[in-house]
Structures are given as C-alpha cells and as structure tokens.
Amino acid sequence: MHRFHYVGQNLHCESVDLATVAQLYGTPTYVYSLGTIADNYSRLAKSLAGLDAQICFAMKANSNLALLKHFANLGAGFDLVSGGEIRRVIAAGAEVKKSVFAGVGKTEAEIQLALESGVFSFHVESEPELARIDHVAGKLGVKASIAIRVNPDVDARTHAKITTGKSDNKFGIPLKYAPAAYDAAAKFKNIVVRGVQIHIGSQLTEIAPFVEAVEKIAPFAAELKAKHGITYFSIGGGIGIVYRDALASGQQGWWDAQPAETRPITPEAYGAALVPLLKPLGLKILLEPGRFMVGNAGVLLARVEYLKRGHGKNFLILDAGFNDLVRPAMYESYHEILPVYRDTTRRALKADIVGPICESGDCFAKDRQIQELGEGEYVAFMSAGAYGSTMASRYNSRALPAEVVVNGSIFELATVRENFEATIAAERVPGFLR
Ligand code: LLP
C-alpha cells in the first residue's frame, strides 16, 4: 500500500497534486510520502509482535535528512555504512545509539566516529576488522559492542549484483569459520560480543530464502547466547517491493487479488513466517530494511523535453537521466512510468523512454506503452524512493536532483536542487595551469 493515486486526471502524492510540485520546484525532483513511510514502518513493526524487535532503517536506501528525522520520530535506529551516514544521522537531529555500523571496509576514522557517537554495535565482516575495532576502542578507553556477520550461504534468488548471502560474495564470515571468529573476538580486551548478524540480499520476492537463512543460523545463535552471552540477532533487510504494478499495488484489494504463489512479500507474511522461528531464541531481533520502508514511498518527477519520432521507433526524451535514477541502467530494473496528467482519450504511444545523457545506456524503458505526451508535460517514475536519490551522480555535469516531502496536504522542499557553484566548489585549477 502507498499513497500515490489519481484524483480525477491528476496524479497525487497524499493530497498534493504532483504537477504543482513540478511547477514550483522544477524537475527532476524526488517526492516522498511521509504517510506511506509511517504505514510501512508500523505494518512491519506490528508484524513482529511478540518479539523484542528494533527496526534499523538501512539509510543507504535513502539518506535525506528529512526522512532520517521522520524515521527517528517513528522509533527507528539506522543501519549505517559510512562515516558520512553517521554524520547525516547526527545532522538530522537524530541519535546514533539505536544504530548499527556495517560494511566490509570500515576505516579507523569511521570506527572512532561510530564509537564517539555511541553506536549500538558494529557488524563485523572479517577478523582483521575485529583487531582494528579493538585497537580504536582501546585508544579511546571504551568498549566496542560487536556482532559478526555470518554468511549463511543461502541463495536469495534475486539480481546477481544485490545478492549477498552466498559463499562467493565478499560479505560475512562463512558459518563453518564463525565459531572460531567468535572465540577470537571474545579474547579482545576492548570488545564485547553482543550479537550475530545475517543479510542475504535485496529485493527478495519470496519468503523461503529468509526462512532458510534464519533456520540455518538460529541454532548457532542459541549456541552463541549460551557461550558468549549474546543478546541480539540481526536478520538484515531485503524485503522486496512491487515495481511492475506499482500504481495498482497502492489500492485496497490489489494484494488480496494476487494469486498466493506470486503475491509479493507482505510484512504480515514475513512476520508470520519468521516470528515463530525467532521467538524461542529469547534474543532481541534487529531488522535492517531499506527498500521496503521507502521504495514505494517515493517517485521521481521528470519533464518531457522532446518526442522524437525515429525510424520505426519513438523516443520520449526526458530531463531526467541515469545520473538521477541509475537502477534501470545498472540492474535492468523496471520502474512504472506514469503521466502526471492522465488523459485516457489520447492515443497510446509506444516509445523508448530515455534521458539526455550521451550514452545509449541512458534508457529507462524500451518500447514502453504510455499515453501520447508532449513537451512540458510531466511523468512520474514509481517506486523510486529507495536507491534513487542516494545513487544519483553528477555525470555529464548535471546537478543533483531536488527532493520534496509530503505530509497530507503539506509539502516542503527537503533538498534544494544543487546549483552549479556548489557542484564545482571543491575543484581548483592549479596555479601552474593558469
Ligand atoms: N543490511 C545490509 C547489510 C545491506 O547490505 C543492505 C543492502 C540492507 C540491509 C538493506 O537492504 P534492503 O532492505 O534495502 O533490500 N542499490 C541496489 C540495492 C543494494 C542493496 C545493498 N545492501 C538497488 O537499487 O536495487
């Protein structure tokens, strides 16, 4: 469920007409529904009833300060992967103490910042990292809490670039070496062994791999509780969202109408499958959802620049490019593209929907059916709230997009569109070239 819908012919986010947002702030612009995020959060939290659970939003999916503050207000902690993300949480006026610090390449400076910020725990990916964390904690005279990321060697059956739980991925420590890694961790003076962590991949569309991973790790978690006194188990993120039928999936009744075998994961089904496996452990359970929380809560608005009628092919050329939304170019992913003003009396157009970047890969959709659209009209990329703005770049010297948050009938700019001066502020022409 989400809060994007047509009111008459006009696509709205909650009670706000998206054409108004586009006219006021220009395009390309990301628009986020705070109500949808709150719904997603509370549905997932409710589905875990009976567990002592903490949701740590994986902010790599969307790290806009307004959204971070919204998550903090909802009670979330964060799954952090860099010093920059730690600093963003602080800049948003939120606390780091419910958050975990993950990633395979934590630097000394990042570990220090995490400790000074009071991070809940480190999710450790290798034995050399344990030694580094121990060293930095010793230097600061504090104890560092850790969980080791264990690689359960489960196939998440998702895109190769976002599957992480197989033994040939760079992530985690294989289950068979994990007991030795824990014994090693327990010997460090400045480390407190506090938990165990897994994450098998992203955009999972089936529950079975989650169940398989939890079933594989649960006995080990119980052993760790007995031997090392761990208090939590983080089951990672990865819940998939609807891309193909994005608009329809926001409507009541759509989910129930889907055949059970192909129904996308609901938080209720996820909870129903996992709670019985997790509850007997008597551990605190952490979750690190990113996409599920924000994916269907955001759209990217773009303007039609040209309709180019080619030889046997039409191109709808937008002012957004793969620098603004890289997922289709990078993962061949599908995003539904809707006219912001819907006119069912118009002819249908079959076109490649493309951006202005000078690469053929700057294509959002091939031979897509959409109503005929002309210069100056707007389109919305659905399900663009996760890994959209956070993966945006300045390629072709384009400015980073603006971001707007909507709450009911209120909307406000959350990120001002980058201006050219800010883009080049860090660059210098060395004196010897002048
Ligand atoms: N926890 C860990 C340790 C992760 O590596 C990730 C995502 C998450 C949680 C959150 O996963 P989620 O709930 O969002 O699936 N850029 C790609 C997705 C990369 C995911 C990386 N790790 C995309 O656009 O599809």
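Whatever order the structure lists ligands and atoms in, that order sets their numbers, starting from 1. The figures that follow rest on heavy atoms only: side chains count, while hydrogens, waters and symmetry mates do not. For clarity, every value in this text was computed on a predicted model and none was experimentally measured.
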Check if [X] has a non-hydrogen atom at a distance under 4.0 Å from any atom of ligand 1.
X: Y331; result: yes
X: A102; result: no
X: G238; result: yes
X: M293; result: no

Query - Sequence-distant partners of D256, salt bridge (charged side-chain N to carboxylate O under 4.0 Å, His left out), two or more places apart - result: none
Query - Pairs touching residues 33-75 that satisfy ring pair (Phe, Tyr, Trp, His ring centres under 6.0 Å), sequence neighbours left out - result: F57-F71
Report task. Please say whether Y387 places an N or O atom under 3.5 Å from an N or O atom belonging to ligand 1. Result -> yes
Query raised in the report: N/O to N/O below 3.5 Å, does that happen between P289 and ligand 1?
Result: no
Requested in this report: May I ask you to check whether Y243 and H335 place their ring centres under 6.0 Å from each other?
Outcome: yes
Query raised in the report: With the threshold set at 4.0 Å, does a side-chain nitrogen-carboxylate oxygen contact exist between R417 and E403?
Result: no
Query raised in the report: Would you call D352 and K313 a salt bridge, using N to O less than 4.0 angstrom?
Result: yes
Query raised in the report: Which of these, M391, K60, E288, M59, has its nearest heavy atom closest to atom 4 (C) of ligand 1?
Result: K60
